[in-house]
Amino acid sequence: MPPVKPPASSRSVKSLATAAEAGRHQREWFAELRRRVAAGEPFALLNADVPHEIFRTMDIPYVVGQWWASLVTAKQRSGHYLDLVRQRGYPDYSEQYNAVTLGSAFDPEPDEGPWGGLPKPDIIVGEATGDVTRKIFDIWGHEPGVTFFPLESAAENEVPVNWWELMPHRWEEAVGSARLDLLTAELENLVRFLETTTGRRFEESRFREVMALVNEQEEWNRKARDLIARARPAPLSVVDSIPSVMLPQWHRGTEWARDLARSFYEEVRERVEAGVGVCRDERARLMWIGRGLWYDMGFYQRFQEEYGAVFVWSMYLAIAADGYIRYGDDPMRALAARFAAFGDQLYTPPWSSEWYVKEARLHGIDGVVHLVSDDPRGSYFTARALESAGFPVIEVHADNVDTRTFGGDVADRVAQWLETVVLPRAGSSRASAVSTISDASFAAGGS
C-alpha cells in the first residue's frame, strides 16, 4: 500500500481565482457604470437589504451603499467621509456603515474618491429600519435632484422553527402573509414609481429570468457552504470566500454572477479533493459573526499563521446559502419573501441566534469572534445562545468601517483567548475524537 500523502498547504496560494475574477469584474463594471451615468442614464443607490432584482430587471444602474462603504474603508478613506458628515453638523459616530456613503454626497471633490468616485444618485431606496437609518436616508433625500423611496420594516410575533428549512419553498409560512402583503404592495408601487420617473419598463418575463438566475447562483453558494462545512482541513478562509461571494451578490440576476458562484464551488471542490488546506497545521476552526472588517482583512490571517486557527465561517456565504433562495409561481411575492425578514435572519433573535448556533454546529466551530457594533441589534442574545450551546465567544466592540473604534489591544485579546480557552478545548475535542475512532476500529477488528 503506498504511503498516504499529507494534505498540501495552500500558503503559496494567496487568493482564489474566483476572488481575483470578482475583483477584476467589479472594477470594469464600476467604470462602465460611471460612463452610463455620465451619459445621462438614471442612477440608484440601494441599501443591501432592499430588492435589487427590480433594478436589474429594468436595467437601471445601481450601487449598493454598503459595498461603496467597504471599498472606501479598504482604501483607508472612511475617516475622510465621516469627517465630511461631521462638518455638516451630523454625528459621525452612529450608523457609520451608512454614514460613510452619505459623506460622498458632501465631498467637494467627488472624482477624487476611490475608482473615480461615487456618482450622484437620482434615487435612494432603503428599508426604514430604526430611527438612525431612516434619518440618514432622509438627509440623502434633501440633496438636490435626489428622491428617497422608503420601504417599511415590518415584524411578526410568531417566529418559525428552523426557518432556513422553510424559506426555499414554504416562505409564506416562514415569513407570514401580513408581512408579505405589505412588502409586495410596496414593491409594486416601487415599480410604478420607477417606470414613471425613469421611463424604463418592467417586463415580467425578464423579471422571471432574473429571479431564476438568483436562485441558481444561491444554490451554488449553498453547495459551497456545505462543502466547506464538511471539509477537513479547511480549504480556504473567509479572506477568500468573502470577495468570491459578496461581489457577485451585488450582481444578482446576471449570468456572470451565476457562473462565478458555480466557479467558486468548483474551485473549493478541487481544493477539497486535492487535500489542500489553507493552514499547514490547523488546530481550531473559528467563526466570525458580524460585518467584514474592511480596514484590516489581514486580521483573519494572522491567527492561522501563528496559532493554526482558521476563520472558516462568515455570514456572507452562509446567508447566501440560507437566506436568498425562493421558489414560487408569483415572482413578486417570492421577491418580497426574500427581503421581508432579511434583517431578522441576521440580527433579530431567536431568528438569528438559532441560525448562528446551527451554523456553528454544521461547521464544527471551536470558537466564535463576535464583532459587536452599535447599530445591529440582538448581539447579546447571539452570544448567549452560542455560549449556551457550548461555543466559546469573545466579543470585539468596534465598527467595521470606523478605525477609531478598533482598539490596539484587540489582536492581543483574541490571541490570549485562543491560547487559554479555544485551543485547549479544541485539542481535547480532537483527542477525544481520535480515541473514539480508535475504539470503534478496535471493536470492528481493526488495528
Side-chain angles (χ1 to χ4, degrees), residues 10-11 13-16 19-20 22-23 26-27 48 64-83 92-101 103 113-115 234 236-247 249-250 278-279 284-318 346 365 367-376 379 393-419 422:
S10 62
R11 283 178 180 272
V13 180
K14 299 301 183 184
S15 174
L16 294 181
Q26 195 74 358
R27 278 185 171 276
V64 179
Q66 284 84 351
W67 167 74
W68 178 252
S70 70
L71 175 64
V72 165
T73 305
K75 299 297 184 182
Q76 307 299 315
R77 295 269 289 168
S78 59
H80 167 67
Y81 289 104
L82 289 172
D83 185 56
D92 65 340
Y93 50 81
S94 178
E95 187 70 62
Q96 291 98 312
Y97 214 8
N98 285 306
V100 163
T101 302
W115 295 4
L236 73 166
S237 77
V238 298
V239 175
D240 275 324
S241 66
I242 289 175
S244 296
V245 172
M246 283 316 296
L247 293 180
Q249 200 67 276
W250 307 137
V278 73
C279 180
R285 295 165 66 88
L286 301 180
M287 186 178 199
W288 173 266
I289 294 184
R291 301 155 175 167
L293 199 64
W294 305 125
Y295 47 77
D296 187 10
M297 291 297 285
F299 176 87
Y300 306 108
Q301 291 177 300
R302 70 191 64 171
F303 301 106
Q304 76 183 42
E305 294 169 357
E306 187 171 351
Y307 295 99
V310 183
F311 281 96
V312 300
W313 191 96
S314 79
M315 67 179 181
Y316 297 107
L317 178 57
L346 291 174
I365 295 299
V368 180
V369 182
H370 187 189
L371 182 70
V372 180
S373 303
D374 288 339
D375 53 301
S379 56
V393 178
I394 183 172
E395 293 185 349
V396 176
H397 290 262
D399 188 88
N400 70 314
V401 297
D402 189 348
T403 58
R404 300 170 302 178
T405 66
F406 195 69
D409 66 333
V410 171
D412 291 339
R413 287 181 52 230
V414 173
Q416 184 180 22
W417 171 73
L418 286 172
E419 291 173 352
V422 175

Considering residues at least two apart in sequence or located in another chain, which fulfil the side chain to side chain donor-acceptor pair (under 3.5 Å) criterion with [X]?
| X | result |
| --- | --- |
| S244 | T18 |
| Y307 | E419 |
| N400 | none |
| W294 | Y97 |

Could you tell me whether Q416 atom CD has more than 12 heavy atoms of other residues or ligands within 6.0 Å of it?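 For Q416, atom CD is not crowded (no more than 12 foreign heavy atoms under 6.0 Å).
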
[atom1]/[X] to [atom2]/[Y] distance, rounded to the nearest 0.5 angstrom?
| X | Y | atom1 | atom2 | answer |
| --- | --- | --- | --- | --- |
| Q96 | T403 | CD | OG1 | 10.5 Å |
| I242 | Q249 | CD1 | CD | 13.0 Å |
| K75 | S70 | NZ | OG | 11.0 Å |

Within a strict 4.5 Å, meaning less than it, do heavy atoms of the [X] and [Y] side chains meet?
| X | Y | result |
| --- | --- | --- |
| L82 | D402 | yes |
| L371 | H397 | no |
| V368 | I365 | yes |

Under the side-chain contact (heavy atoms from CB on, under 4.5 Å) criterion, do R413 and I394 qualify, and how do the steps go? CA-CA 9 Å; R413 287 181 52 230; I394 183 172; 3.7 Å; yes

Please find the pair of heavy atoms, one from [X] and one from [Y], that lie closest to each other, and give the distance.
| X | Y | result |
| --- | --- | --- |
| G65 | T101 | O-OG1, 2.9 Å |
| A398 | S373 | O-OG, 3.0 Å |
| W250 | A48 | CH2-CB, 3.9 Å |
| A309 | L286 | CB-CD1, 3.7 Å |
| S237 | V278 | N-CG2, 4.0 Å |
| S379 | V372 | OG-CG1, 3.5 Å |

Please identify each residue that fulfils ring-ring contact (aromatic ring centres under 6.0 Å, His included) with W68, with sequence neighbours left out.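 Partners of W68 under the ring-ring contact (aromatic ring centres under 6.0 Å, His included) test: F30.
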
Assign the ring pair W67 / W115 to parallel, tilted or perpendicular, where the plane angle (0 to 90°) is split at 30° and 60°.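 W67 vs W115 ring planes: tilted.
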
Donor-acceptor pairs under 3.5 Å, side chain of residues 310-318 to any protein atom, not counting sequence neighbours: which ones?
| residue | atom | partner | partner atom | Å |
| --- | --- | --- | --- | --- |
| W313 | NE1 | E359 | OE1 | 2.8 |
| S314 | OG | Y316 | N | 3.4 |
| Y316 | OH | G292 | N | 2.8 |

side-chain contact (heavy atoms from CB on, under 4.5 Å) for Q66 and N98? Distances and angles first, verdict last. CA-CA 7 Å; Q66 284 84 351; N98 285 306; 3.8 Å; yes

Identify, with sequence neighbours excluded, every residue that meets side chain to side chain contact (heavy atoms under 4.5 Å, CB included) alongside [X].
| X | value |
| --- | --- |
| D296 | L293, F299, R302, F406 |
| A74 | none |
| S78 | V72, T73, V100 |
| S94 | V132 |

Show the numbers, then the answer: is there a side-chain contact (heavy atoms from CB on, under 4.5 Å) between W417 and V369? CA-CA 10 Å; W417 171 73; V369 182; 3.7 Å; yes

Applying salt bridge (Lys or Arg N to Asp or Glu O under 4.0 Å), name anything that partners D92, two or more places apart in sequence or on another chain.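 For D92 the salt bridge (Lys or Arg N to Asp or Glu O under 4.0 Å) partners, ignoring immediate neighbours, are R86, R404.
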
